[in-house]
Amino acid sequence: MQKQTSKALFLIRENRLLKNGKASVRIRLTVNGERLEWNTGVVVTPENWNRTAQRMVGRTREAEEANRKIIAINKRLGEAFAELLESGDEITVDNFYSYYSKEEESSGKLYSILGLYDKKIEEKQRLVGTKTGIKTSTLKKYIFTRNKMEMFLYEWKKQTTGATKASLKDSISSISIRSVNYEFIKEYELFLKSRCNCGHNTAMKHLWYLKQIVEDAFKSKVIHNDPFRYMQLPYKKVDREFLEEHEIKMLIAKSFDTKRLDQVRDIFLFCCYTGLSYSDVANLSESHIFEDAAGKRWIKINRQKTNIESIIPLFDIPEIILKKYANCSFTASSLKQLYEQKRPLLPVCSNQKMNAYLKEISSLCNINKTLTTHCARHTFATYCILIGISIESISRMLGHTNIKTTQIYARITRAKVDKEMLKVKDELNKYTTLYSQS
């Protein structure tokens, strides 16, 4: 393959001066023998222009500013050529200029890192509430991770320039997507884990959002290299906490002096016996309860997260909890919801408060585990596995899109080992007497 070459020459036309007597600096770019010229936007005094050095001479402010811009342009040209070479695409003077022009635009907000995050958020915002769209909670995640990136860019720029946060505001918004390389990504990961105190899997999620932004830029040919191409974002396997039978008994038997703790305990137990997530139990209404031909009551609800249908039998304790809160006082709005069969059946507080109160409950019950609504969901799934319910049935009850997600709960617990070993106890012990006599 023939070697590809490029050369940039900075020149001025002394016979075509501006009205103020200044001269515009132009670039003459030669790529593989093809030539193209364009204006750089840099203006100089002709008498102080050195043709050989392709720079202004002297130590005036005008000379320093013009030379700084020319050096920056030359550097970007070199980086653009190297990136095009690495991409393996054929390089012509036209596609070189097209790529370089986009890179010039990337110094503005259109192709900046934060600009592309904002563009992604705007796209997702349009999908909220549509049939094939996303939930508001998903949109909030994009906004949250965008704010994390903004925090990092302040830190990253401050380290390289030493400037204050106030003076960096404008420069932060114009940092090009081309700045995202392997070193940038590793610095961002370190920032998430150290400064933001994110766990490994949470940090990987933020990097996954950044990867989306980079891939969009790559597919749009804003950049010609994808720094994530040879990078993996592995998640670490996490042992999900769940409650064992004696811990559930402790929760059921405990009496609380305050109404809020009593309600939160009831809702947590409801989730332990149904496997509902926080968002689904918060939205549970009369329209989600149905009775079959045998008189058995069931919950039938489309999961808010995946829109997959969950069908769950209503056992005795969940039924008692529903009856306990059936006669709650109604507001004008909840009466309307009741008429439409959409009034929530349980007094669910915010997820943040719920988890805070569950910490109090675990302490009062001497349960040395982190109680969350997700812990209740895991408890339901693990207990179903323990008593031998098929993985397919559990997947249907949990509303999983993929049975592999359900298999996460198919762990080997001590209680499961004890139960399984009891089945073979007599078979393994039948030669005990013979061995004792030998």
Side-chain angles (χ1 to χ4, degrees), residues 3-86 91-115 153 156-181 184 222-224:
K3 184 179 179 181
Q4 303 196 75
T5 60
S6 75
K7 182 180 179 181
L9 177 66
F10 294 87
L11 50 87
I12 65 170
R13 292 180 178 176
E14 296 182 12
N15 59 339
R16 292 189 183 179
L17 300 180
L18 303 173
K19 289 182 180 180
N20 59 2
K22 304 281 186 179
S24 296
V25 178
R26 297 177 62 79
I27 294 178
R28 179 179 292 166
L29 179 68
T30 306
V31 177
N32 299 328
E34 294 181 289
R35 181 185 290 180
L36 184 67
E37 278 191 26
W38 70 90
N39 199 339
T40 64
V42 180
V43 177
V44 299
T45 302
E47 295 80 12
N48 297 333
W49 179 255
N50 186 316
R51 292 184 182 180
T52 306
Q54 301 175 51
R55 301 287 187 273
M56 277 191 75
V57 295
R59 295 186 178 181
T60 63
R61 186 172 181 179
E62 178 194 17
E64 289 179 356
E65 183 68 16
N67 291 339
R68 184 186 64 79
K69 289 179 180 179
I70 292 168
I71 291 168
I73 292 169
N74 201 34
K75 181 182 178 183
R76 282 202 297 273
L77 284 167
E79 290 172 348
F81 186 73
E83 197 163 327
L84 282 168
L85 275 177
E86 191 176 339
I91 304 176
T92 65
V93 73
D94 289 328
N95 66 20
F96 188 115
Y97 177 72
S98 176
Y99 177 63
Y100 172 78
S101 297
K102 282 190 175 181
E103 286 304 313
E104 284 287 281
E105 290 178 37
S106 72
S107 62
K109 292 185 179 181
L110 182 60
Y111 293 121
S112 69
I113 298 172
L114 293 182
L153 291 177
W156 184 65
K157 199 72 175 177
K158 186 178 178 181
Q159 287 178 5
T160 54
T161 64
T164 61
K165 185 173 181 178
S167 64
L168 288 174
K169 187 173 182 180
D170 290 335
S171 61
I172 290 300
S173 63
S174 62
I175 295 176
S176 169
I177 191 65
R178 250 188 106 206
S179 301
V180 181
N181 53 24
F184 181 98
V222 174
I223 57 174
H224 276 248

Side chains of Gln54 and Ile70: closer than 4.5 Å at any heavy-atom pair? no
Taking all heavy atoms of Thr5 and all of Asn32, pick out the closest pair and write down the distance. N-OD1, 2.8 Å
Hey, are the side chains of Leu11 and Val25 touching, using non-hydrogen atoms and a 4.5 Å cut-off? no
Just one of Leu9, Val42, Ile73 clears the side-chain contact (heavy atoms from CB on, under 4.5 Å) bar with Ile27, so which one? Ile73
Partners passing salt bridge (Lys or Arg N to Asp or Glu O under 4.0 Å) against Glu34 (at least two apart in sequence or in another chain): none
Partner residues of Leu17 under the side chain to side chain contact (heavy atoms under 4.5 Å, CB included) criterion, sequence neighbours left out: Ala23, Pro46
Which residues satisfy the side-chain hydrogen bond (donor to acceptor under 3.5 Å, both in side chains) test with Lys69, sequence neighbours excluded? none
Any side-chain heavy-atom pair of Thr60 and Thr45 under 4.5 Å: no
Taking every heavy atom of Asn50 against every heavy atom of Thr52, the minimum-distance pair comes out as OD1-N, 3.0 Å
Pairwise side-chain contact, Phe184 with Leu153, heavy-atom cut-off 4.5 Å (strictly under): yes
Distance in Å, Ser24 OG paired with Arg16 CZ, rounded so as to fall on 0.5 Å steps: 11.0 Å
Is any side-chain heavy atom of Ser112 closer than 4.5 Å to one of Ile175? no
Applying salt bridge (Lys or Arg N to Asp or Glu O under 4.0 Å) as the test, list every pair that has at least one member in residues 44-57; sequence neighbours left out. Glu14-Arg51
For the atom pair CD (Gln4) and OG1 (Thr92), what is the distance rounded to the nearest 0.5 Å? 9.5 Å
Would you mind listing every ring pair (Phe, Tyr, Trp, His ring centres under 6.0 Å) that reaches into residues 40-85, with sequence neighbours excluded? Phe81-Phe96
Using salt bridge (Lys or Arg N to Asp or Glu O under 4.0 Å) as the criterion, list what pairs up with Arg35, not counting sequence neighbours. none
Residues which pass side-chain hydrogen bond (donor to acceptor under 3.5 Å, both in side chains) with Asn74, listed by chain and number, not counting sequence neighbours: none
Check this for me, if you would: do Arg68 and Glu65 make a salt bridge, where the nitrogen-to-carboxylate-oxygen distance has to be below 4.0 angstrom? yes
Residue pairs, two or more places apart or on separate chains, that pass ring pair (Phe, Tyr, Trp, His ring centres under 6.0 Å) and touch residues 7-33: none
Output every pair passing salt bridge (Lys or Arg N to Asp or Glu O under 4.0 Å) with a member in residues 17-32, not counting sequence neighbours, ordered by first then second residue. Lys22-Glu62, Arg26-Glu37, Arg28-Glu37
